[in-house]
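Bear in mind the structure is a predicted one, so any value in this text is a computation, not a measurement.
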Amino acid sequence: MATLEDPIEIGGTTIPNRLYRAPLLECAGNGPDAVDTLIDDLEPAAASGVGLLCQGATIVRGDGGCAAPGMTRVHDPEFVSRLSRLTDRIHDHGGRIFLQLEHGGLRSMETWHAEYRREHPDLEQLAVSEPPWQLQSLDRLGFLEYDPHVLTTAEVYDLAADFGRSAEYAVDAGYDGIHLSGANMGIVQQFLSPFYNRRDDEFGGSPEARLEFLALVHDEIRERACNVPLMTKVPAETPAPPAPVVRRKLSLEDGVEIARRLERIGYDAVVPVQTSVVWDMSIVRGEYPERAWTNEQLREDYDAAFGGATRRRLVAAANRVQSLQYDFDSAWNAEFCRRVRERVSIPVLAEGGIRERGAMYRLLGSGAESGDDGLEQPACDMVGMARPFYAEPRLGARLLESDSGGESARVLCESCNNCTVPQVTGAPGICRTPDVLRKRGELEREGAYERT
């Protein structure tokens, strides 16, 4: 049974402990300050002792595909080479860093961001198949705008090659591994999901065929970046609306089977997550972000993103309803992770609602902190968090120090989501909750974020 402090290997690379920073939006873009922004965002976690940092989703093409403003593109080898300054800084602290690769497909800004559509009128969304009728209905009602380009078979191969090239550039820049964004409605999930994938070529028509894109991406990365550790998120679409609204979706057992097949393909680790077929609060469960929506300084930017005040109010109302629908559950992916871990021999990483040191030990199956001999089988091999690092950039120092609150040590993040909604405007991902910031200041003055 592992403890949080134990090292682990992923694809032959040793990670110094079992705590990781899950992918977050850094909103760094590709401008002259991009590398400095990424260093400012990521280095504090490494300095606090976090074993693995997963840089937030980066786009493998130069045009389109961004799900939110300010995402970094990694199609240009000259730009990616400059990221060696970032990887060097992480390595200086003894940490490891994986780069997450992504393309938004139908979730891209050219679908939902009104101002971006006006500025890029010629951009189409890449699509696995024609959008499902549910999304076409939202198009007809004016909430979204679809002008999809359904990928031909040859274009699917081209897209996989882009993933491979970006992985090659990343390895050359010192990244220790590649993490595919296989969920949260990105194009990888769109290939895997029967909700989106109605293809009749080798990439659709059966669960096995829907997995072929990930097999092809694996082969491209192996050809171009050799044995770099490779992992991906694995979706189960259990929070999706029930039938008859959504009939075709990935069940929990479907997700377990995908993980099993990915191990056979050659993936080195998996991150099972329960996510809807659309972008909603099943991904970031928690409170309705009242403070973010009523921030007058962001109102103009919200209107630009959503297409006016009326649409802004409608999106905020939908956000409120979803906050009631998706309750915050501690470690909400734990059972999915446990079921996957029972069926695979590669490392399983858990994230989503993990907030206490004691819960981390229980997920890892260790009774060292609780003294409980009746623990269930381990749910995972590593535990990760995302939003709590907005609240406490040096969080690792508190969680990895055995005398810093023991099992009861808990993150400050209140899962209020006031950090996430402003990102639709391109605002940085930071904690904006006064009580949390005050408590962080107190802990800083007490030296809680200093490693011993």
Check: Would Lys249 and Asp254 satisfy side chain to side chain contact (heavy atoms under 4.5 Å, CB included), going step by step from the backbone distance to the final call?
Finding: CA-CA 9 Å; Lys249 60 184 179 180; Asp254 291 332; over 6 Å; no
Margin query: Set out, in order, the CA-CA distance, both residues' side-chain angles and the distance that settles side chain to side chain donor-acceptor pair (under 3.5 Å) for Arg320 and Ser323, then state yes or no.
Written below: CA-CA 5 Å; Arg320 186 183 292 277; Ser323 69; over 6 Å; no
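- Put simply, the side chain of Val424 reaches to within 4.5 Å of the side chain of Trp112, judged on heavy atoms.
- In this structure, Arg285 forms a cation-pi arrangement with Trp332, its terminal cationic atom sitting closer than 6.0 Å to the ring centre and no more than 45° off the ring axis.
- The salt bridge (charged side-chain N to carboxylate O under 4.0 Å, His left out) pairs that include a residue from residues 387-397 are Glu392-Arg398, where partners are two or more places apart or lie in different chains.
- Although no hydrogens or angles enter the test, the distance criterion places no donor-acceptor pair under 3.5 Å between the side chain of Asn17 and the main chain of Glu5.
- Remark: the Tyr169 side chain and the Arg165 side chain contain no N/O donor-acceptor pair separated by less than 3.5 Å.
- Under the 4.5 Å side-chain criterion, counting only non-hydrogen atoms from C-beta, Cys419 is not in contact with Ile430.
- Side chain of Gln134 to backbone of Val245: a donor-acceptor contact under 3.5 angstrom is found.
- Using a cut-off of 4.0 Å between Lys/Arg side-chain N and Asp/Glu carboxylate O, Glu253 and Arg343 are scored as salt-bridged.
- At distances below 3.5 Å, at least one donor-acceptor pair connects side-chain atoms of Arg222 with backbone N or O atoms of Cys226.
- Applying the salt bridge (Lys or Arg N to Asp or Glu O under 4.0 Å) criterion to Arg248, with sequence neighbours excluded, gives no partner residue.
- Panel note: side chain Arg107, backbone Asn184; a donor-acceptor pair is recorded below 3.5 Å.
- Contact check on Arg338 versus Glu335 returns a salt bridge, with a Lys/Arg side-chain nitrogen under 4.0 Å from an Asp/Glu carboxylate oxygen.
- The backbone N or O of Gly365 sits nowhere less than 3.5 Å from a side-chain atom of Gln377 that would complete a donor-acceptor pair.
- In this structure, Glu9 contributes its side chain and Pro347 its backbone to no donor-acceptor pair below 3.5 Å.
- Smallest separation of non-hydrogen atoms from Gly429 and Gln423: CA-NE2, 3.3 Å.
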Next item on the list: Show the numbers, then the answer: is there a side chain to side chain donor-acceptor pair (under 3.5 Å) between Tyr175 and Gln55?
Entry: CA-CA 10 Å; Tyr175 284 89; Gln55 184 176 329; 2.6 Å; yes
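- With no hydrogens or angles considered, no side-chain donor-acceptor pair links Ser108 and Gln125 at under 3.5 Å.
- Applying the side chain to side chain donor-acceptor pair (under 3.5 Å) rule to Tyr196 yields no partners; only residues at least two apart in sequence or on another chain are considered.
- Considering only heavy atoms from C-beta on, Leu53 stays 4.5 Å or farther from Arg96 through its side chain.
- Listed here is the closest heavy atom pair of Val74 and Ser166: O-OG, 3.0 Å.
- Within the 4.5 Å cutoff, the side chain of Gln100 has no heavy atoms near those of the Cys54 side chain.
- Applying the ring pair (Phe, Tyr, Trp, His ring centres under 6.0 Å) test to pairs two or more places apart or on separate chains, those with a residue in residues 245-274 are His218-Tyr267.
- Asp381 pairs by the salt bridge (Lys or Arg N to Asp or Glu O under 4.0 Å) definition with Arg341, not counting sequence neighbours.
- Looking only at atom types and distance, the side chain of Thr72 has no donor-acceptor partner in the side chain of Asn30 under 3.5 Å away.
- Legend: salt bridge (charged side-chain N to carboxylate O under 4.0 Å, His left out) pairs involving residues 227-247, not counting sequence neighbours, sorted by first then second residue: Lys233-Glu351.
- In this structure Asp280 satisfies the side chain to side chain contact (heavy atoms under 4.5 Å, CB included) test together with Ser276, Val278, Ser282, Gln322, Tyr326, sequence neighbours excluded.
- For the pair Arg85/Asp88, no side-chain contact is recorded, criterion being any heavy-atom separation below 4.5 Å from C-beta on.
- Note on Glu145 versus Arg117: salt bridge recorded, some NZ/NE/NH1/NH2 to OD/OE distance being below 4.0 Å.
- Looking only at atom types and distance, the side chain of Asp6 has a donor-acceptor partner in the side chain of Thr3 under 3.5 Å away.
- Within a 6.0 Å radius of CD in Glu257, more than 12 heavy atoms belonging to other residues, nucleotides or ligands are found.
- A heavy-atom distance below 4.5 Å is found between the side chains of Val383 and Leu363.
- Between Arg339 and Leu252, the closest side-chain pair of non-hydrogen atoms falls below 4.5 Å.
- Among residues two or more places apart in sequence or in another chain, the side chain to side chain contact (heavy atoms under 4.5 Å, CB included) test is passed with Asp172 by Glu168.
- Counting only residues at least two apart or in different chains, salt bridge (charged side-chain N to carboxylate O under 4.0 Å, His left out) contacts with residues 41-67 comprise Glu43-Arg89, Arg61-Asp162.
- At distances below 3.5 Å, not a single donor-acceptor pair connects side-chain atoms of His120 with backbone N or O atoms of Leu123.
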Name every donor-acceptor pair, under 3.5 Å, that has one atom in a side chain of residues 208-216 and the other anywhere in the protein, sequence neighbours excluded.
from: Glu208; atom 1: OE1; to: Ser206; atom 2: OG; distance (Å): 3.4
from: Glu208; atom 1: OE2; to: Arg261; atom 2: NH2; distance (Å): 2.8
from: Arg210; atom 1: NE; to: Leu192; atom 2: O; distance (Å): 3.1

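- Partners of Asp139 according to the salt bridge (Lys or Arg N to Asp or Glu O under 4.0 Å) rule, which considers only residues two or more places apart in sequence or in another chain, do not exist here.
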Margin query: For a side chain to side chain donor-acceptor pair (under 3.5 Å) check, start with the C-alpha distance between Asp176 and Thr13, then their side-chain angles and the critical distance, and finish with the verdict.
Written below: CA-CA 8 Å; Asp176 300 290; Thr13 293; 5.9 Å; no
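- Between the side chain of Glu220 and the backbone N or O of Val217, no donor-acceptor pair lies under 3.5 Å.
- Applying the salt bridge (charged side-chain N to carboxylate O under 4.0 Å, His left out) rule to pairs touching residues 20-29 yields Arg21-Glu26, sequence neighbours excluded.
- Side-chain contact between Pro131 and Pro148: present, with at least one pair of heavy atoms (C-beta onward) separated by less than 4.5 Å.
- Here the closest heavy-atom approach between residue Ala170 and residue Ile178 is recorded as CB-CD1, 4.0 Å.
- Under a 3.5 Å cut-off, the side chain of His103 and the backbone N or O of Gly105 do form a donor-acceptor pair.
- Rounded to the nearest 0.5 angstrom, Asp201 CG and Thr153 OG1 are separated by 3.5 Å.
- At least one donor-acceptor pair closer than 3.5 Å links the side chain of Asn333 to the backbone N or O of Gln274.
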Next item on the list: Tell me, with the steps shown, if Phe328 and Arg355 meet side chain to side chain contact (heavy atoms under 4.5 Å, CB included).
Entry: CA-CA 11 Å; Phe328 182 89; Arg355 297 292 185 263; 3.9 Å; yes
Next item on the list: Using the side chain to side chain contact (heavy atoms under 4.5 Å, CB included) rule, take Leu42 and Ile97 through it: C-alpha gap first, then chi angles, then the decisive distance, then the call.
Entry: CA-CA 9 Å; Leu42 292 159; Ile97 181 168; 4.3 Å; yes
